[in-house]
Amino acid sequence: MMNIFRILGDFSHLLSILILIYTIRATRVIDGISFKTQTLYAVVFITRYCDLFFRYISLYNTIMKIFFIVSSAYIVVLLQSFHKKNPIAYKEMILADSFKIQYILAASFALSLIFNRKFTMFEILWSFSAWLESFAILPQLFMLSKSGKSKSLTIHYIFALGLYRALYIPNWAWRYYQEDKFDKIAILTGIIQTLIYSDFFYIYYKKVIKGARSDLPHYI
């Protein structure tokens with residue numbers, strides 16, 4: 001069942017992806033973008049929506065699944081294309097993207113084996129995607145923390161992405177009261193992800209909304 005929080009959350013998510021794609025294509029600059037974070041998001045959507053061809057919920061749901069799989073894979077390919085288009089910029093992006101994502105992958109997989117709705121392949125993959133999504137932004141935030149600055153469009157992308165996850169918390173509260181549905185894993189991972197973004201939200205408010213000068217937060 002749809003509600004205003006889910007709709008706003010989904011469109012905030014769509015906006016974040018469109019902002020990122022526009023940033024890369026319009027400026028042809030990839031400085032400050034984490035290739036590792038985008039790769040993790042591609043893994044998130046592929047593992048979460050692998051039921052696309054045999055489980056139908058609604059046309060809206062199907063369109064969203066296809067969009068997130070295709071767009072996340074496209075961003076990875078787009079960034080990878082700079083290896084030939086602009087090898088210097090590509091090398092600088094890779095060198096700056098130093099977060100060890102193997103720990104995120106290992107932790108997400110271990111948590112998915114412990115916390116899942118049912119011990120089946122597809123439920124474990126869904127749980128893995130939920131845990132992985134909650135940590136996937138860390139390489140991007142770590143990159144910002146090291147550089148202390150970023151392009152405005154990249155900051156707007158991160159804010160829209162965080163807003164999407166924050167809006168899903170009242171969405172789950174709504175579903176609990178309206179549908180008596182309470183998904184512990186989705187809510188817990190959503191809260192974790194929102195907390196990871198919380199410091200960034202405050203900095204965004206000071207730097208962008210109020211226009212104050214401030215260093216970006218140090219996440220790690």
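These numbers come from a predicted model, not from an experiment.
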Enquirer: Any chance you could pull the hydrophobic cluster mates of Val77, using side-chain heavy atoms under 4.5 angstrom and chaining through other members?
Expert: none
Enquirer: When rounded to the nearest 0.5 angstrom, what is the spacing between CD1 in Ile19 and CD1 in Ile158?
Expert: 10.5 Å
Enquirer: Is there a path of hydrophobic side-chain contacts, each under 4.5 Å between heavy atoms of I/L/V/M/F/W/Y residues, joining Phe119 to Leu111?
Expert: yes
Enquirer: Among residues at least two apart in sequence or on other chains, which ones pass side chain to side chain contact (heavy atoms under 4.5 Å, CB included) with Ala160?
Expert: Ser12, Ser16
Enquirer: Roughly how far, to the nearest 0.5 Å, is NE2 of His156 from OG1 of Thr23?
Expert: 9.0 Å
Enquirer: Establish whether Trp126 and Ile114 are linked, either directly or via other cluster members, by ILVMFWY side-chain heavy-atom contacts under 4.5 Å.
Expert: yes
Enquirer: Using residues 36-44 as the side-chain source, report each donor-acceptor pair under 3.5 Å to any protein atom, sequence neighbours left out, with the distance given to one decimal.
Expert:
{"residue": "Lys36", "atom": "NZ", "partner": "Asp97", "partner atom": "O", "Å": "3.0"}
{"residue": "Lys36", "atom": "NZ", "partner": "Phe99", "partner atom": "O", "Å": "2.8"}
{"residue": "Thr37", "atom": "OG1", "partner": "Ser34", "partner atom": "OG", "Å": "3.4"}
{"residue": "Thr37", "atom": "OG1", "partner": "Ala136", "partner atom": "O", "Å": "2.9"}
{"residue": "Thr37", "atom": "OG1", "partner": "Gln140", "partner atom": "N", "Å": "3.0"}
{"residue": "Gln38", "atom": "NE2", "partner": "Tyr157", "partner atom": "OH", "Å": "2.9"}
{"residue": "Thr39", "atom": "OG1", "partner": "Phe35", "partner atom": "O", "Å": "2.9"}

Enquirer: How long is the span from the CZ atom in Phe5 to the CD1 atom in Ile169, to the nearest 0.5 Å?
Expert: 11.5 Å
Enquirer: Taking the side chain as every heavy atom from C-beta outward, state whether Thr189 and Ile185 have any pair of such atoms under 4.5 Å apart.
Expert: yes
Enquirer: What pair of heavy atoms forms the shortest contact from Ile24 to Phe82, and how long is it?
Expert: CG2-CE1, 3.8 Å
Enquirer: Between the side chain of Asn116 and the main-chain N/O of Leu113, is any donor-acceptor distance below 3.5 Å?
Expert: yes
Enquirer: To the nearest 0.5 Å, what is the distance between CD1 on Ile104 and CG on Leu138?
Expert: 5.0 Å
Enquirer: Does any N or O in the side chain of Ser81 come within less than 3.5 Å of the main-chain N or O of Leu78, such that one atom is a donor and the other an acceptor?
Expert: yes
Enquirer: Before giving the answer on side chain to side chain contact (heavy atoms under 4.5 Å, CB included), spell out for Met93 and Leu79 the whole-Å C-alpha distance, their side-chain angles and the decisive distance to 0.1 Å.
Expert: CA-CA 9 Å; Met93 177 187 69; Leu79 292 173; 4.2 Å; yes
Enquirer: Would a hydrophobic clustering, with Ile, Leu, Val, Met, Phe, Trp and Tyr connected at side-chain separations under 4.5 Å, put Tyr103 with Ile192?
Expert: no
Enquirer: Using side chain to side chain contact (heavy atoms under 4.5 Å, CB included) as the criterion, list what pairs up with Ile66, not counting sequence neighbours.
Expert: Leu52, Thr62, Val70
Enquirer: Atom CZ of Phe159 and atom OH of Tyr197: how far apart are they, to the nearest 0.5 Å?
Expert: 11.5 Å
Enquirer: Would you call the rings of Tyr168 and Tyr164 parallel, tilted or perpendicular, where under 30° means parallel and over 60° means perpendicular?
Expert: perpendicular
Enquirer: Salt bridge (charged side-chain N to carboxylate O under 4.0 Å, His left out): which pairs involve residues 87-96, sequence neighbours left out?
Expert: none
Enquirer: What residues form a ring-ring contact (aromatic ring centres under 6.0 Å, His included) with Phe109, not counting sequence neighbours?
Expert: none
Enquirer: Stepwise, does the side chain to side chain contact (heavy atoms under 4.5 Å, CB included) test hold for Leu14 with Met64?
Expert: CA-CA 9 Å; Leu14 287 171; Met64 285 296 186; 3.6 Å; yes
Enquirer: Inspect the surroundings of CZ in Phe54 and state if more than 12 heavy atoms from other residues, nucleotides or ligands are less than 6.0 Å away.
Expert: yes
Enquirer: In terms of hydrophobic clustering (I, L, V, M, F, W, Y; side-chain heavy atoms under 4.5 Å; direct or indirect links), are Ile57 and Trp172 co-clustered?
Expert: no
Enquirer: Rounded to the nearest 0.5 Å, how far does CG of Leu161 lie from CG of Leu20?
Expert: 9.5 Å
Enquirer: Test of understanding: with ring-ring contact (aromatic ring centres under 6.0 Å, His included), list the residues that count as partners of Phe45, not counting sequence neighbours.
Expert: His13, Phe68
Enquirer: Please list all pairs meeting salt bridge (charged side-chain N to carboxylate O under 4.0 Å, His left out) that have one or both residues in residues 98-123, counting only residues at least two apart or in different chains.
Expert: Arg117-Glu123, Arg117-Asp183
Enquirer: Closest heavy-atom contact between Phe122 and Cys50?
Expert: CD2-SG, 3.5 Å
Enquirer: So if you build clusters from Ile, Leu, Val, Met, Phe, Trp, Tyr with side-chain heavy-atom gaps below 4.5 Å, do Tyr177 and Ile191 land together?
Expert: yes
Enquirer: Can you list everything that forms a ring-ring contact (aromatic ring centres under 6.0 Å, His included) with Tyr56? Sequence neighbours excluded, please.
Expert: none
Enquirer: Does Tyr49 have any side-chain hydrogen bond (donor to acceptor under 3.5 Å, both in side chains) partners at least two apart in sequence or in another chain, and if so, which?
Expert: none
Enquirer: Quick one: are Leu188 and Trp131 in side-chain contact, heavy atoms under 4.5 Å?
Expert: yes
Enquirer: In terms of heavy-atom contacts, does CG of Leu95 have more than 12 from other residues, nucleotides or ligands at under 6.0 Å?
Expert: yes
Enquirer: With sequence neighbours left out, what residues match Tyr74 under ring-ring contact (aromatic ring centres under 6.0 Å, His included)?
Expert: none
Enquirer: Once salt bridge (charged side-chain N to carboxylate O under 4.0 Å, His left out) is applied, what residue pairs with a partner in residues 130-140 remain, sequence neighbours excluded?
Expert: Arg48-Glu133, Glu133-Arg165
Enquirer: Any non-hydrogen side-chain atom of Leu18 less than 4.5 Å from a side-chain atom of Tyr22?
Expert: no
Enquirer: Around atom OH of Tyr60, are there more than 12 heavy atoms of other residues, nucleotides or ligands at under 6.0 Å?
Expert: yes
